[in-house]
Amino acid sequence: MRSEPVAGLRHADELTTATLLDLAEGVVDAIWVRAFHPAEECRAALPPIIEACERASYTLTDDFQSIGTSMGEAAESAENRRRYLRTAAATCELIRGRIFAGRLSPLDRLRLVLDELWPAGATVARHEGAMLLPGIIRRWPAGGHANPHIDQRDVPLLAGYGLRRRIGTNVYLEVPPPEDGGHVDFWGVYRDERSYDAERRADYGLDRDALGEPVWSCRPGQGDLLMFDAARVHGVRRVERGARVTAACFVGVRTATQPLVLFA
Ligand SMILES: O=C(O)CCC(=O)C(=O)O
């Protein structure tokens, strides 16, 4: 693997203007805020999430379930891209109206907080006037995992933005019991997305066995928020028991004088 080796990860434990700017500039690698969203509100959202996951179909992999068509899926074909744009508003309404049912969802709250903290505010990303999906829900049942991967900036729906950084952003609504996996493991960084493409597996991501030990592993608690540079190779360790549920999006960074853009 040609990513740059690192000795460990620097992370901040508060979300402030200063830590966001540090993450945007690569001064810190991650922001990990404990108990960002109240645990009882995470728990209340789980039954409608399970119900919606049973109905949803994620086409890229069987390794986890997803409510909403993701940017990763949209990047696979023109038909997926059309579906992504066609379904974004309905997915947003399902998550806001049925799943969080009158309570502020963690990603809606995050968007407000980012709008207040970032010098030029934060908004939903758009493509030719159409809203991109601002958030998605993912569920890993026992046995679920995600291969190590990066999330690329160079994808068609984001082309107009010229993003300097793509920040992976997850709020953990359910986590497996301690010792039962679900960690987010981190390795090195790909500066050049084409070299990542050259090493990709046929399904998605990279071979975990070829990467060696992760440089940092985060085991988030229920309600925690984790934000990290998505150019850094990351993967979800296999869930041995229980389940893992996240509210996920990406935060796109241009410069401090341009708004952050959110998409999933
Ligand atoms: O669920 C997580 O903790 C990380 C998910 C992931 O791989 C990503 O956000 O790209």
Side-chain angles (χ1 to χ4, degrees), residues 3 9 11 23 29-34 36-37 42 45-46 49 53 58 60-76 106-107 110 125 132-155 158 163 165-176 180-190 193 196 200-201 203-208 211 214-239 242-253 262-264:
S3 65
L9 249 70
H11 59 269
L23 182 58
D29 301 295
I31 299 175
W32 178 10
V33 182
R34 272 50 156 217
F36 175 79
H37 200 64
C42 296
L46 295 177
I49 288 176
C53 276
Y58 183 73
L60 204 56
T61 172
D62 290 332
D63 294 340
F64 53 88
Q65 305 164 320
S66 172
I67 302 172
T69 300
S70 72
M71 181 64 75
E73 257 183 298
E76 295 294 303
L107 295 185
L110 179 68
L132 301 193
L133 182 62
I136 200 165
I137 306 259
R138 294 208 175 106
R139 180 171 185 273
W140 285 258
H145 69 280
N147 291 337
H149 62 280
I150 65 166
D151 297 289
Q152 291 164 288
R153 295 184 310 280
D154 188 12
V155 294
L158 300 173
L163 296 182
R165 214 174 281 277
R166 177 171 172 172
I167 297 175
T169 301
N170 295 280
V171 177
Y172 298 86
L173 303 175
E174 183 177 10
V175 292
D180 280 312
H183 302 63
V184 203
D185 292 325
F186 292 93
W187 291 267
V189 179
Y190 275 89
E193 297 189 344
Y196 169 76
R200 271 165 67 152
R201 295 159 48 111
D203 52 356
Y204 73 99
L206 303 167
D207 271 323
R208 182 177 270 268
L211 293 174
V215 293
W216 187 56
S217 294
C218 174
R219 198 184 84 80
Q222 189 174 42
D224 289 4
L225 164 72
L226 181 66
M227 303 176 76
F228 56 87
D229 182 358
R232 174 175 295 286
V233 178
H234 57 281
V236 177
R237 204 180 297 176
R238 185 184 147 91
V239 175
R244 180 184 197 273
V245 179
T246 64
C249 70
F250 292 95
V251 176
V253 181
L262 279 78
F263 58 91

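One is the number of the first residue; the rest follow in order along the sequence. Just follow the structure's listing: the first ligand is 1, and inside any ligand the first atom is 1.
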Which of the numbered atoms in ligand 1 are under 4.0 angstrom from any heavy atom belonging to Arg244? 1 (O), 2 (C), 3 (O)

shortest atom 7 (O) of ligand 1-to-protein heavy-atom contact is with His149 CE1, 2.9 Å

Is Arg138 in polar range of ligand 1, meaning some N or O pair under 3.5 Å apart? no

Hey, what do you get for CZ (Arg237) to CZ (Arg219), rounding to the nearest 0.5 Å? 10.5 Å

Of the protein's non-hydrogen atoms, which lies at the shortest distance from atom 4 (C) of ligand 1, and what is that distance? Asn170 ND2, 3.6 Å

For ligand 1, which part of Phe64 has a heavy atom less than 4.0 Å away: the side chain, the backbone, both, or neither? neither

What atoms of ligand 1 come closer than 4.0 angstrom to any heavy atom of Val184? 3 (O)

According to the interplanar angle, ranging from 0 to 90°, do the rings of Trp32 and Trp216 count as parallel (below 30°), tilted (30 to 60°) or perpendicular (above 60°)? perpendicular

Under a 4.0 angstrom heavy-atom cut-off, which atoms of ligand 1 come close to Tyr172? 2 (C), 3 (O)

Are any of the side-chain heavy atoms of Trp140 and Arg238 separated by less than 4.5 Å? no

Evaluate the side-chain proximity of Arg138 to Ser70: yes if any heavy-atom separation is below 4.5 Å, no if none is. yes

Taking the six-membered ring for Trp, are Phe263 and Phe250 parallel (under 30°), tilted (30 to 60°) or perpendicular (over 60°)? parallel

Taking the side chain as C-beta and beyond, is there a heavy-atom pair between Val245 and Ile137 under 4.5 Å? yes

Using heavy-atom distances, let me know which of Met71, His183, His234, Met227 sits nearest atom 8 (C) of ligand 1. His234

